[in-house]
S.K.: 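Shown below is the structure under consideration.
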Amino acid sequence: MSFKAFKTALACTLSAAMLLGAAACGTKDEATSGSGSSSSSSTTGYDVSGIKKDASIAAMLPDSVTKDGKLTVGMELTYAPAEFLKEDGKTPVGYDVDLSNALGKVFGLDTQIISASFDSIVPSVGSKYDLGITSLTITKERMDAVNFVSYYKAGATWVVKKGNPQKVDTSDLCGKKIAVQTGTVEEEDANKAAKQCKTDGKKTIEVLSSKLQTDAATNVVTGKADVFYADSPVAGYAISQTDGQLQALGKDEGSVKQGIAIAKNDDQTTKAVQKAVQKLMDDGTYMKILKHWGVQSGALDKAEINPTDLS
């Protein structure tokens with residue numbers, strides 16, 4: 001994705017005086033069909049059109065999923081390179097999008113990506129969407145609400161303006177302004193740090209929580225926040241697309257599994273998704289998708305249902 005394309009994503013939150021020539025922003029709860037076909041755009045996804053339906057895996061799905069011929073997937077589409085919009089401001093792309101399209105092919109269903117705010121996706125799985133695939137970190141708390149099938153692992157990265165002008169030190173963030181996305185593990189961590197600063201009688205941390213991940217990056221670029229905190233592939237991609245305005249601070253922290261969310265009471269779909277993801281891992285499609293986006297360092301070789309080892 002070019003710097004111009006990244007500016008298109010940021011243009012929803014930056015003034016026209018700062019960024020010129022923006023396309024329309026995506027709307028929430030808008031369904032788009034994933035064909036998996038190729039185009040000439042620099043943000044073209046991996047071509048999954050050659051994937052054949054696996055009848056035995058498809059037969060595992062309940063009628064509640066298959067009756068309309070669609071696999072609906074909830075995503076928050078500002079999380080490049082996992083899930084975001086092309087330069088046209090309408091078409092979803094990213095490795096989560098490609099994986100969703102690949103799953104649809106295995107099931108013999110037409111994948112439809114539904115754009116939604118990140119914090120609304122887990123509560124809506126099973127009602128609005130068949131699956132939630134949106135870089136969801138698997139946590140014990142989330143597993144109380146939904147089932148997960150693990151498919152990726154990622155750390156977390158602190159990102160500041162080039163040169164770290166605010167002298168941010170991740171070992172002592174008291175008094176700093178931290179930008180995060182609402183509903184993420186990073187938001188939880190920032191709030192815990194803020195609480196600890198208050199307990200220690202130090203300057204408070206101001207947590208700037210935004211519905212869109214692009215807003216978190218924008219807040220640092222514009223100086224509204226001192227640092228933003230996000231999953232490592234997302235942070236790395238943002239850094240690479242901002243023309244040297246941002247840099248990572250220190251090393252990635254931790255490495256935790258991410259998962260596909262399925263309704264808690266839907267064992268049939270959960271088992272079908274696990275089989276389908278494992279098939280894509282075993283036949284090499286999964287790794288090809290990750291390599292296409294340069295994020296293969298987070299690959300797993302086993303898709304597990306509600307894993308107990310989350311790191």
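Both backbone and side-chain heavy atoms feed into the values below; hydrogens, waters and symmetry mates do not. Predicted model, so just to flag it, every value in this text is computed and none were measured.
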S.K.: Hey, does Phe148 have a side-chain heavy atom less than 4.5 Å from the side chain of Asn306?
M.R.: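 Asn306 reaches Phe148 side chain to side chain.
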S.K.: Is the number of heavy atoms from other residues, nucleotides or ligands within 6.0 Å of CG (Asp63) greater than 12?
M.R.: no
S.K.: For Asp169 and Ser171, work out which heavy atoms get closest and say how close.
M.R.: OD1-OG, 2.7 Å
S.K.: Using a 4.5 Å cut-off on heavy atoms from C-beta on, say whether the side chain of Thr269 contacts that of Leu61.
M.R.: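 A side-chain contact under 4.5 Å exists here.
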S.K.: Quick one: does any side-chain atom of Ser232 pair with a main-chain N or O of Ala154 as donor and acceptor, under 3.5 Å?
M.R.: no
S.K.: Are Phe107 and Val65 close enough that some pair of their side-chain heavy atoms sits under 4.5 Å apart?
M.R.: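 Heavy-atom side-chain distance check fails, nothing below 4.5 Å.
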S.K.: For Leu77 and Pro92, which heavy atoms make the closest approach, and how far apart are they?
M.R.: CD2-CB, 3.9 Å
S.K.: With a 4.5 Å limit on heavy-atom distance, are the side chains of Thr72 and Tyr129 in contact?
M.R.: yes
S.K.: For the atom pair CD1 (Ile121) and CG (Leu131), what is the distance rounded to the nearest 0.5 Å?
M.R.: 11.5 Å
S.K.: Is the number of heavy atoms from other residues, nucleotides or ligands within 6.0 Å of NZ (Lys264) greater than 12?
M.R.: yes
S.K.: Sub-3.5 Å donor-acceptor pair from the side chain of Glu304 to the main-chain atoms of Ser150, do we have one?
M.R.: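 No, Glu304 side chain to Ser150 backbone: no donor-acceptor pair under 3.5 Å.
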S.K.: Just so I know, are the side chains of Leu310 and Met143 near enough to count as touching, which here means a heavy-atom distance under 4.5 Å?
M.R.: yes
S.K.: If you round to the nearest 0.5 Å, how far is NZ of Lys275 from OG of Ser56?
M.R.: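 If we round to the nearest 0.5 Å, Ser56:OG and Lys275:NZ are 9.0 Å apart.
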S.K.: If you define the side chain from C-beta out and look only at heavy atoms, does anything of Leu136 sit under 4.5 Å from Phe118?
M.R.: yes
S.K.: About how many Å separate CG of Leu85 and CD1 of Ile113, when rounded to the nearest 0.5 Å?
M.R.: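 Separation between the atoms: 11.0 Å.
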S.K.: Within this structure, what is the OG1-CE distance for the pair Thr134 and Met75, rounded to the nearest 0.5 Å?
M.R.: 7.0 Å
S.K.: So Gln296 and Met287, do their side chains get closer than 4.5 Å, heavy atoms only?
M.R.: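 Sidechains of Gln296 and Met287: in contact.
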S.K.: List the steps and the verdict of side-chain hydrogen bond (donor to acceptor under 3.5 Å, both in side chains) for Thr270 and Asn147.
M.R.: CA-CA 7 Å; Thr270 301; Asn147 287 332; 3.1 Å; yes
S.K.: Is there a donor-acceptor contact under 3.5 Å from the side chain of Tyr237 to the main chain of Ala82?
M.R.: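 A pair under 3.5 Å: no.
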S.K.: Tell me which pairs pass ring-ring contact (aromatic ring centres under 6.0 Å, His included) where either residue lies in residues 211-236, with sequence neighbours left out.
M.R.: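 The answer is Trp158-Tyr229.
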S.K.: Sort out for me which residue in Asn219, Val168, Asp226, Val227 forms a side-chain contact (heavy atoms from CB on, under 4.5 Å) with Lys177.
M.R.: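 The side-chain contact (heavy atoms from CB on, under 4.5 Å) with Lys177 is passed solely by Asp226 among Asn219, Val168, Asp226, Val227.
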S.K.: Would the distance check show the side chain of Gln274 and the main-chain N or O of Ala303 forming a donor-acceptor pair, the cut-off being under 3.5 Å?
M.R.: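 Flag set: sc Gln274 to bb Ala303 pair under 3.5 Å.
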S.K.: Using the test side-chain contact (heavy atoms from CB on, under 4.5 Å), find all partners of Ala59 that sit at least two apart in sequence or belong to another chain.
M.R.: none
S.K.: Which heavy atom in Thr157 sits nearest to a heavy atom in Ala248, and how many Å separate them?
M.R.: CG2-CB, 3.9 Å
S.K.: Return yes if some donor-acceptor pair links the side-chain N/O of Thr182 with the main-chain N/O of Ser210 below 3.5 Å, else return no.
M.R.: yes
S.K.: Output all residues satisfying ring-ring contact (aromatic ring centres under 6.0 Å, His included) with Tyr79, sequence neighbours left out; order by chain, then residue number.
M.R.: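 For Tyr79 there are no ring-ring contact (aromatic ring centres under 6.0 Å, His included) partners, ignoring immediate neighbours.
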S.K.: Is the backbone of Asp309 close enough, under 3.5 Å, to the side chain of Lys257 for a donor and an acceptor to pair up by distance?
M.R.: yes
S.K.: Roughly how far apart are Ile51 CD1 and Leu103 CG, rounded to 0.5 Å?
M.R.: 8.5 Å
S.K.: With a 4.0 Å cut-off on N to O distance, would you call Asp119 and Lys211 a salt bridge?
M.R.: yes
S.K.: What are the two closest non-hydrogen atoms of Pro233 and Tyr95, and how far apart are they?
M.R.: CG-OH, 3.7 Å
S.K.: Which of parallel (below 30°), tilted (30 to 60°) and perpendicular (above 60°) describes His292 and Tyr46?
M.R.: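 The rings of His292 and Tyr46 stand perpendicular, inter-plane angle above 60°.
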S.K.: For Val234 and Ala230, which heavy atoms make the closest approach, and how far apart are they?
M.R.: CG1-CB, 4.5 Å
S.K.: Looking at Asp200, I want to see if its CG is surrounded by more than 12 non-hydrogen atoms of other residues, nucleotides or ligands under 6.0 Å.
M.R.: yes
S.K.: Between Val185 and Val256, does a side chain to side chain contact (heavy atoms under 4.5 Å, CB included) hold up when you go through it step by step?
M.R.: CA-CA 10 Å; Val185 171; Val256 291; over 6 Å; no
S.K.: So which heavy atom on Val146 is nearest to which on Ile262, and how close?
M.R.: CB-O, 3.3 Å
S.K.: Does the side-chain hydrogen bond (donor to acceptor under 3.5 Å, both in side chains) test come out yes or no for Thr78 and Glu76, once each step is laid out?
M.R.: CA-CA 6 Å; Thr78 70; Glu76 199 286 287; 2.8 Å; yes
S.K.: What distance do Leu280 atom CG and Lys105 atom NZ have between them, rounded to the nearest 0.5 Å?
M.R.: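 It is 12.5 Å, given to the nearest 0.5 Å.
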S.K.: Honestly curious: do Trp293 and Leu290 fall in one hydrophobic cluster under the side-chain, below-4.5 Å linking rule?
M.R.: yes
S.K.: Are the side chains of Lys162 and Gln245 in touch, meaning some heavy atoms are under 4.5 Å apart?
M.R.: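 Not in contact.
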S.K.: Is it true that a side-chain atom of Gln278 and a backbone atom of Asp301 form a donor plus acceptor pair closer than 3.5 Å?
M.R.: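 Pair found, side chain donor or acceptor close to backbone of Asp301.
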S.K.: Using modelled atom types only, decide if a donor and an acceptor are shared between the side chain of Glu186 and the backbone of Gln181 within a distance under 3.5 Å.
M.R.: no
